[in-house]
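So the structure is just underneath, and the comments pick up after that.
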Amino acid sequence: MKRILSLILSLLIVVSGVNVFATETSKSDLEMQQNFAILRNLEIADWTEDGSVTRAEVVNVVMDLVLGEEVNSYETYKSPFPDVDENTKYRNEIVAAHSYGIISGNGQTFRPNDGIRYAEIAKILVNILRKQ
C-alpha cells in the first residue's frame, strides 16, 4: 500500500508541474519552467521545455514506479497497438502497462505522442489501484 501511495503522490507532483493538454493552466510561465527544470534535473522526465506531456511519457513514469528495471522484460512481447512499434519511445513501458491492464488505448490504437488529459491520468491511477 505504501508503494501505491508513493506512486500516486509522485505522479501528482509530476503532473502538477506540467501542462496537460486540453486544460487551462493557472501557473505562470516562470513557475512552469522552474518545475520543468526540477523534473529534468532529477531525471524524472525529459518532457519538452514548454512542459507539455504525452501519453507515452506518463506511462513511462508510472511503469518506472510500478516495475522499475523489470520493464525491460517486455522487450520480447508483441505490441497490442499498431501505432506502437519497435521504434516507439517507451515501447516496453506501453506494452507492460497494457499487459497489466493499466491502459487500454483508444479503440485499437494508443496514440503515444498525443497529449494526455487529466481524466486519462486519473483513469491510469484508478487502474493501478484496482490491480493492488
Side-chain angles (χ1 to χ4, degrees):
M1 189 62 170
K2 286 183 182 180
R3 187 171 186 173
I4 294 301
L5 290 175
S6 297
L7 168 70
I8 292 171
L9 289 174
S10 298
L11 195 54
L12 288 174
I13 289 168
V14 169
V15 170
S16 70
V18 298
N19 289 331
V20 180
F21 285 79
T23 62
E24 292 183 23
T25 180
S26 61
K27 295 188 178 291
S28 69
D29 287 339
L30 178 60
E31 187 177 351
M32 179 191 58
Q33 290 171 356
Q34 290 171 339
N35 289 338
F36 176 76
I38 291 168
L39 295 174
R40 187 180 54 223
N41 290 336
L42 292 173
E43 297 181 2
I44 293 174
D46 58 354
W47 301 326
T48 59
E49 288 290 337
D50 69 358
S52 60
V53 59
T54 66
R55 297 164 57 87
E57 290 165 334
V58 169
V59 169
N60 174 53
V61 171
V62 168
M63 294 315 293
D64 185 46
L65 293 168
V66 172
L67 289 178
E69 293 296 318
E70 240 178 271
V71 77
N72 293 329
S73 66
Y74 287 85
E75 192 172 285
T76 59
Y77 283 54
K78 184 177 188 257
S79 173
F81 307 112
D83 58 345
V84 177
D85 60 20
E86 294 79 28
N87 299 319
T88 302
K89 193 170 185 178
Y90 308 124
R91 178 214 178 272
N92 293 347
E93 290 82 353
I94 294 167
V95 172
H98 183 268
S99 176
Y100 270 67
I102 294 171
I103 61 168
S104 59
N106 182 16
Q108 297 177 346
T109 61
F110 179 66
R111 303 180 337 269
N113 298 317
D114 285 2
I116 193 163
R117 302 180 196 292
Y118 280 114
E120 293 169 322
I121 294 171
K123 183 178 178 184
I124 288 171
L125 292 175
V126 168
N127 286 343
I128 290 169
L129 290 172
R130 285 183 180 155
K131 298 299 173 189
Q132 296 304 312

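Just so it is clear, the structure is predicted and the values come from calculations on it, not from any experiment.
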### Query
Which value, rounded to the nearest 0.5 Å, describes the distance between D85 atom CG and K78 atom NZ?
12.0 Å
### Message
Please report the interatomic distance CD(E120) to CG(N106), rounded to the nearest 0.5 Å.
### Response
8.0 Å
### Message
To check you understand the geometry: which heavy-atom pair defines the closest contact between H98 and S104, and what is its length?
### Response
CD2-CA, 4.3 Å
### Message
Can you tell me which residue among V126, V59, I124 is in a side-chain contact (heavy atoms from CB on, under 4.5 Å) with I102?
### Response
I124
### Query
Short question: side chain of N127, backbone of R130 - any donor-acceptor pair under 3.5 Å?
no
### Query
ring-ring contact (aromatic ring centres under 6.0 Å, His included) with Y100: which residues, sequence neighbours excluded?
none
### Task
Can you sort out the partners of Y74 under ring-ring contact (aromatic ring centres under 6.0 Å, His included), two or more places apart, ordered by chain and number?
Y77
### Task
Examine the side chains of E57 and T54 and answer whether a donor and an acceptor come within less than 3.5 Å of each other.
yes
### Query
Looking at side-chain heavy atoms only, is the closest gap between I94 and R55 below 4.5 Å?
no
### Message
Counting C-beta onward and ignoring hydrogens, is there a side-chain heavy-atom pair between D64 and V71 closer than 4.5 Å?
### Response
no
### Task
Could you tell me which residues satisfy side chain to side chain contact (heavy atoms under 4.5 Å, CB included) with T109, sequence neighbours excluded, listed by chain and number?
P82, D83, R111
